[in-house]
Student: 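Here it is, the structure, as structure tokens.
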Amino acid sequence: MDLRSTLNLPDANATIPMKANLPILEPSIFVGWEEQQIYHRIQQSRLGAEAFVLLDGPPYTNSPIHIGTALNKILKDFVLKSRTMMGYRTPYVPGFDNHGLPIEQAVAKKFAEKKITPTVLELRKACRAHAAEYCEIQTKQFKRLGVFGLWEKPYQTMDYRFEAGIVRVFKRLVAGGHVYKGLRPTLWSPTSRTALAESEIVYRDHVSKAIYVRFPLRTDPDQLLTKFQNVHTIIWTTTPWTIPANLAVAFHPEMDYAVVRVNGRPGPAFAEETDETATYVILDALVEKVATTLGWKNFEVLEQFPGLNLTGVEFSHPIFDRPSISVMADYVTTEDGTGVVHTAPSHGRDDFYTGQKYGLPVPNTVDERGVLTHEAGEFEGTFYKNCDTVVVNRLLEVDALLSVKDFHHSYPYAERDELPVIFRATEQWFVAIDPMRHDMLTAIEEVNWVPPQGQNRIDAMVRHRPDWCISRQRPWGVGIPVFYGAKSRVPVLDETVIEHVARIIEAEGSDAWFERSAADLLPAGFIHPATGETEFEKETDVLDVWFDSGAVSLCVLEGEVYPEWKEHYPADLFFEGSDQHRGWFNSSLVLGMGCRAVAPYKAVVTHGFVTDGEGRKISKRLGNGVDPVVAADQYGADVLRLWVASVNYENDAPVSDAILKSVGEVYRNVRNTLRFLLGNLGGIPADAAVTLELDHWVCEQADLLVADVVDAYARYDFGAVTTAVNQFCLNQLSKFYLDAIKDRMYCEAQESAERISGQAASAYVLERLVTLVAPILPFTAEETWQKMASEGVVPATFSVHAELFRQPSEERMAEIEASPRQVHFAALRALTDEVAALFEKWKVGAGIKNGEDAVVRLPEVKQAGLESFSIAELALFLRFSWVEIGGEEIAFESSPYLRCERSRLRRPDVSVVVIDGAEVPLSARDRRVIGV
RNA sequence: GGGCUUGUAGCUCAGUUGGUUAGAGCGCACCCCUGAUAAGGGUGAGGUCACAAGUUCGAAUCUUGUCAGGCCCA
């Protein structure tokens, strides 16, 4: 007789295959999702439910996605899928950031390769095409990773209506009085007369005139220096042409400065010695060096004090009769010069911000050709480079020049024409931060920052950020909708005018700003409200791309751009990399506060960066990155997602081939557990009920797991989710429960109460497990769910992702809390571990390899708490054929009983029966089941 | 150089307010099973908790410094 055929072995056809073959499986599941418009159906299934709004931070569309983008998107997808299964409606409008320099440069490069010089409009069209191409590619890639969303109507910052939305956000800022025009230094090419971006600059060896210039003391409120004779400070600079723009001298607040008395010095012509006695304030650490450079022979340090003491002191500009105030700056170094830094807010980034801090003006001393203007006084009309002699000679005349030398250093050149550039003050549009700063800081406190350190970070950023310069002198962006009187150059900042422009852009895109004339963009017959002019010119600057993305919360959630995007404002959650404290969190906050006086988010979760297996940053140069789509096609998107779930995203997330391989092992453990559970459910009756203690226990365990895991999802702790699920599959199921029920699942009669109880419990557990893993393993969960449905384990539904987590009620949790099973089985698990370890030692000497060939004897004390289990049950739990109670300690012996041919167990009730003429040892249960 | 941050077994991570012998999964070694089988099970080896000093009866945990990463600035 073929005993094997009388068993109820797992049915490989009734469950998912062991080998997932995810790279093939996932695309086929994806096709099903696409066909039934999964995102929409899920949203429909939650109509009327409370909304959970995650606002997508847009990836930049100049390349395919990289592993960091994938990490971010997958984390967001975990949030959305898990919130859906908690019962929320979870609208998700994915977005793309389209404007900006990197795209422009990529496109410019293509033109350059073809030796074409595009017009602004040609360039813009090419940029748009380039961005569109990568929107499409990235969309495909995100979908491949299993991310659900409104992919057919994402927001794109270059979408005509979105561009109009950006313009309208600008309008609201204007209305609120937040926008002003000011000056700011930019890298400027005098030869091509344009502003340049940092990335258009190369550094070349360059010879400059380095000069030491002294500034006489002017006012000294604390009488710190007045007791000395002929007091000056000395600055060093390599740009003589910026001297006319000098407004301050910077000291380091913490470093020590020396008051040096110098007797005699080389005279103005550096030839003869003079007998002048002068006192100089310079950095203490540089006194020797300066003395050597300036040829001091007789000098003495009289006093030292930290730079901070010089607060409030003013020196005099060496040429003009005006003060050069002392300012404190921490970028002062001990490397070159005197430790006192010449500060011209028009001609350096540091200088500018320091100037802002001290309320200094930004004189426009150099025009677009590089020629000094009337604001440079007597130097008006001088080409900046000629200042090397003109200004230097004048300094000599006024006896302020202490030294002049050629100086070799690296200096910024324009990449385009390989000619030097200068920092020059140019007119720019700004959003004023100061009036909002206090409210922004208050709003930050109201937001839930996860992890909490994020709050420190954004607080510091907002506290110290200067006004936001929103002008960019670039072609690829949304034009700033401002007109100037053609003659007066007085700007028109008018809401009606901006709205008029917005309507045009809505229909024609922001190209219209570049295509149409000013007259064609203004309302008919428009008259300058301030000057009465009727001729106008357009602003040529575009908005900073951070303005585009900062406007996203308003453009998307308010539903003015597309009504189907409308959701409550502020969003419930922003979830981005920690670099966005400076970026998107900041720009969104400014625009949110500026337009609605409210932060655009209730909570902000941040994640770290992806590193390689050694924790090093990923760089193109090292080639240590992992391509997310390649990884998905090799290991499976579910494995990549499981990697995301298993790292602690609050820190940096290491990834490598080896790491993904080990994640693959965890995946297989979960998958096989699902597979085995489902494989045992063949023929499960619709009214299957749990009746046995062990089965009740495992259901309780499953409920505890659900409560735990849902809580972890709610805290965005996906690592805890993964650990809990993995441990449960391994420790509770594979190592114990599934092993313990095998005997009855295989050997009992198909319709026996014991077997059906096991099936009922397995189904209960499976249903919970598959829903819990669905957010992280969407493909595998869907595959399993649909198989469950086709096997009649669950009712057929369109997707597991529309299901709810099977959360236990409070009553159920209380019942489990009080359940004696929890105590009994905890005792049992401790006992199985103890017995297994002892058996391992015993079997070596006994020549027995398998617990099935042995009997274990347990002292009565060891049975404490386990009295409710029969001997046969105990034996199965302990993985032995038989158990005896008695003796002083745990002991083993070779089993004296016959081995049942069917159940493979050696038990006292095994006896030999004759079947078809053959002698077969069978246990009482097995004889009963097969009816012999 | 500054702000924020990280460093616990080969790898990924836990480690509650300082309190027994620092845990888990993966990997590794040995063994079992061959009725979850390109699966499953058992046992075990692996850690000066980056390093150094300090506070404390007691430190992975608190303080300071050093080293090495990461993000953002300069």
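Here is how names work: the chains are called A, B, and so on, in the same order as the sequence lines, proteins then strands, and each is numbered from 1.
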Student: Using a heavy-atom cut-off of 4.0 Å across all strands, would you classify A/P451 as base, sugar-phosphate, or nothing?
Tutor: nothing
Student: For RNA chain B, which residues in residues 719-734 of chain A have a heavy atom at a distance below 4.0 Å?
Tutor: A/N726, A/Q727, A/L730, A/N731, A/S734
Student: Starting at the 5' end of RNA chain B, which residue's closest nucleotide do you reach first, A/R904 or A/M461?
Tutor: A/R904
Student: Mind checking which nucleotides bracket the chain A contacts on RNA chain B, 5' to 3', with an atom under 4.0 Å from a heavy atom?
Tutor: B/G3 to B/A74
Student: Which whole number of Å gives the distance between the C1' atom of B/C62 and that of B/G69?
Tutor: 24 Å
Student: Classify the glycosidic conformation of B/G46 as syn or anti, calling it syn when the angle lies within 90° of 0.
Tutor: syn
Student: Taking the basic N atoms (NZ, or NE/NH1/NH2) and the acidic carboxylate oxygens, is any pair closer than 4.0 Å for A/E834 and A/R829?
Tutor: no
Student: May I ask you to list the residues of residues 607-615 of chain A, by number, that have any heavy atom positioned under 4.0 Å from an atom of RNA chain B?
Tutor: A/F609, A/G615
Student: Is it the case that more than 12 heavy atoms not belonging to A/K617 sit under 6.0 Å from its NZ atom?
Tutor: no
Student: Report yes if the distance between the aromatic ring centroids of A/F251 and A/Y257 is under 6.0 Å, otherwise no.
Tutor: yes
Student: With sugar-phosphate meaning primed atoms plus P, OP1 and OP2, does A/K661 contact a base, only sugar-phosphate, or nothing at under 4.0 Å between heavy atoms?
Tutor: nothing
Student: Could you check whether A/I659 gets within reach of a base, just the sugar-phosphate, or nothing at all, counting any heavy atom under 4.0 Å?
Tutor: sugar-phosphate
Student: Is there a Watson-Crick or G-U wobble partner for B/U48 with both distances under 3.5 Å, and which nucleotide is it?
Tutor: none
Student: Give one of base, sugar-phosphate or nothing for A/D350, where a contact means two heavy atoms less than 4.0 Å apart.
Tutor: sugar-phosphate
Student: Taking the same atom, P, in B/A22 and in B/A59, what whole-Å distance lies between them?
Tutor: 13 Å
Student: Run the side-chain contact (heavy atoms from CB on, under 4.5 Å) test on A/L769 and A/L705 for me, step by step, so that the C-alpha distance in whole Å, both residues' side-chain angles and the decisive distance to 0.1 Å come before the verdict.
Tutor: CA-CA 9 Å; A/L769 213 45; A/L705 177 74; 3.8 Å; yes
Student: Which is true for A/N651 with a 4.0 Å heavy-atom rule: it touches a base, it touches only sugar-phosphate, or it touches nothing?
Tutor: sugar-phosphate
Student: Roughly how far apart, to the nearest Å, are B/U20 and B/G25 at atom C1'?
Tutor: 25 Å
Student: Would you indicate what A/R902 reaches in the nucleic acid, counting non-hydrogen atoms under 4.0 angstrom: base, sugar-phosphate, or nothing?
Tutor: base
Student: When you compare B/A45 with B/U63, how far apart are their P atoms, in angstrom units rounded to a whole number?
Tutor: 35 Å
Student: Quantified in whole Å, what is the C1' atom distance between nucleotide B/A50 and nucleotide B/U8?
Tutor: 10 Å
Student: Could you check whether A/A837 gets within reach of a base, just the sugar-phosphate, or nothing at all, counting any heavy atom under 4.0 Å?
Tutor: sugar-phosphate
Student: Is the distance from the ring center of A/W643 to that of A/Y667 below 6.0 Å?
Tutor: no
Student: Applying side-chain contact (heavy atoms from CB on, under 4.5 Å) between A/R906 and each of A/L898, A/D853, A/V855, report the one that passes.
Tutor: A/D853
Student: For B/C71, which nucleotide in any strand shown is its Watson-Crick or wobble partner with both distances under 3.5 Å?
Tutor: B/G3
Student: Does A/D652 or A/G851 map to a spot on RNA chain B nearer the 5' end, using the closest nucleotide for each?
Tutor: A/G851
Student: Measure from the ring center of A/Y649 to the ring center of A/F575 and say whether it is less than 6.0 Å.
Tutor: yes
Student: Flag yes if more than 12 heavy atoms outside A/K787 fall under 6.0 Å of its NZ atom; otherwise flag no.
Tutor: yes
Student: What does A/R457 touch in the nucleic acid at a heavy-atom separation under 4.0 angstrom: a base, only the sugar-phosphate, or nothing?
Tutor: base
Student: Any strand counts, and the cut-off is 3.5 Å on both contacts for Watson-Crick or G-U wobble. Which nucleotide pairs with B/G25?
Tutor: B/C11
Student: If you measure from the C1' atom in B/G35 to the same atom in B/A39, how many Å do you get, rounded?
Tutor: 12 Å
Student: Tell me the closest heavy-atom pair linking A/A875 and A/V883, and the distance in Å.
Tutor: CA-CG2, 3.4 Å
Student: Closer than 3.5 angstrom, by distance alone: can the side chain of A/Y601 be matched with the main-chain N or O of A/F585 as a donor-acceptor pair?
Tutor: yes
Student: Write down the partner of B/G18 under the Watson-Crick or G-U wobble criteria, each distance required to be under 3.5 Å.
Tutor: none
Student: Can you name the closest pair of heavy atoms from A/V610 and A/G68 and give their distance?
Tutor: CG2-CA, 3.9 Å
Student: What integer number of Å spans the C1' atoms of B/U21 and B/C49?
Tutor: 15 Å
Student: Would you mind classifying the nucleic acid contact of A/R349 as base, sugar-phosphate or nothing, using non-hydrogen atoms under 4.0 angstrom?
Tutor: nothing
Student: How far, in whole Å, is B/U16 from B/G3 if one measures between their P atoms?
Tutor: 28 Å
Student: Answer yes if the ring centres of A/F880 and A/F892 are under 6.0 angstrom apart, and no otherwise.
Tutor: yes
Student: With A/L777 as reference, evaluate A/L22, A/T722, A/D638, A/T784 under the side-chain contact (heavy atoms from CB on, under 4.5 Å) test and give the passing residue.
Tutor: A/D638
